[in-house]
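Below is one structure, written out as structure tokens; the observations come after it.
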Amino acid sequence: MEEIKIFVPASVANVSCGFDVLGFCLEPIGDVMGIRKIKTPGVKISKITGQKLPLDIKKNVAGVAAQAILSECPSSFGFEIEIHKNIKAGSGIGSSAASAAGAVYGINQLIGKPFSTHDLIQFAMEGEGLASGSPHADNVAPVLLGGFTLVRSMSPVDVIKLPFPTELKAIVLHPKIELKTMHAREILKKNISLKKAVTQWGNLAAFISALYTEDFDLMSRSLVDEIVEPMRSILIPEFEEVKKSAMRAGALGFGISGSGPSVFSLANGIQNANVIASAMRSSIDKIGIDFEIHISTINNQGIKIISSK
Ligand code: HSE
């Protein structure tokens, strides 16, 4: 294979009850990346459209992740990367994760797939480290593996792909302000009480169980974040109002997508998802802020190959 063009989807991390460990992959929103072999060894980012991002490989998450995979598997040829960004940086739906995951996925294909998709997570995480100040895998894992993923450990990387009911739908609302993950992480307190920790691991464990048993009521009771949401929701316009309207409209849960400002709801079935999306839309419409809203199935495949030659 000499070159590959891929669709790299957006993702929702944390999912209320699983800060830094839980995530799922979205279907309709994503970047397109082209990666091709070149004669000169090394990595070159030749073009980025849709966003103003650095072409310098040391300052770009795709460049950092690409260098990470090549440091483990040196190649006699080089790689040129083109990125067409549709996922806005600082939107909370895994923009940096998509660039990092896309770069390592594409290069792995071009060098004959020496690494499993699970192995690629560690390289993509290095790109995330550049974007947020600390590597985490809760966005790159669902982008690479598809579906819902649980990060049991980051060192060594140990990620479990989880089942989910096919009726499960996500609604993602992106209020168009930029919130840098680095900033949204800096504001977090470093310690929590034992009481809160107990509540949180109870909720996370129950949510995982609900995914296996397809128990929507249990899912709904478990989609709670008593730790991070109170610290971050103040950064998001009308968070409480939109949350109330989504829950009143029948959402299984509502929370911050990744580090925000996007917010998400989960719904049982597409009809419910439409009702919840329209409630969220009217609630944010009132404040006159520009936003985008998407209804999505859970993307069980992750990255898709558009073409290769
Ligand atoms: N778990 C991460 C956070 C996701 O909430 O900071 C954003 O990259």
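Quantities reported herein were computed from a predicted structural model and do not represent experimental measurements. In listed order, ligands and their atoms are each counted from 1.
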Checklist entry - In chain order, what residues pass the salt bridge (charged side-chain N to carboxylate O under 4.0 Å, His left out) check against D20, with sequence neighbours excluded? => result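 Expected list: R185.
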Checklist entry - Does R36 pair with E82 as a salt bridge, N-O distance under 4.0 Å? => result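 Salt bridge between R36 and E82, a charged N being under 4.0 Å from a carboxylate O: yes.
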Next on the checklist: Listing request: all salt bridge (Lys or Arg N to Asp or Glu O under 4.0 Å) pairs with a residue in residues 296-309, at least two apart in sequence or in separate chains.
Outcome noted: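 Non-adjacent pairs meeting salt bridge (Lys or Arg N to Asp or Glu O under 4.0 Å): E27-K304.
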Next on the checklist: Can you work out which protein residues put a heavy atom within less than 4.0 Å of ligand 1?
Outcome noted: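 Those residues closer than 4.0 Å to ligand 1 by some heavy atom are A13, N14, F19, D20, H136, D138, N139, T181, R185, R232, G258, S259.
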Next on the checklist: Pairing donors with acceptors under 3.5 angstrom, does anything connect the side chains of D285 and S282?
Outcome noted: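 Side chains of D285 and S282: no pair found under 3.5 Å.
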Item to check | Distance-only side-chain donor-acceptor flag, K85 / S99, under 3.5 Å | outcome: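 Short answer, yes.
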Donor-acceptor contacts, no H, no angles, side chain residues 246-271, under 3.5 Å, sequence neighbours left out:
{"unit_1": "S257", "atom_1": "OG", "unit_2": "G92", "atom_2": "O", "d": "2.7"}
{"unit_1": "S259", "atom_1": "OG", "unit_2": "T181", "atom_2": "OG1", "d": "2.9"}
{"unit_1": "S262", "atom_1": "OG", "unit_2": "S91", "atom_2": "O", "d": "2.7"}

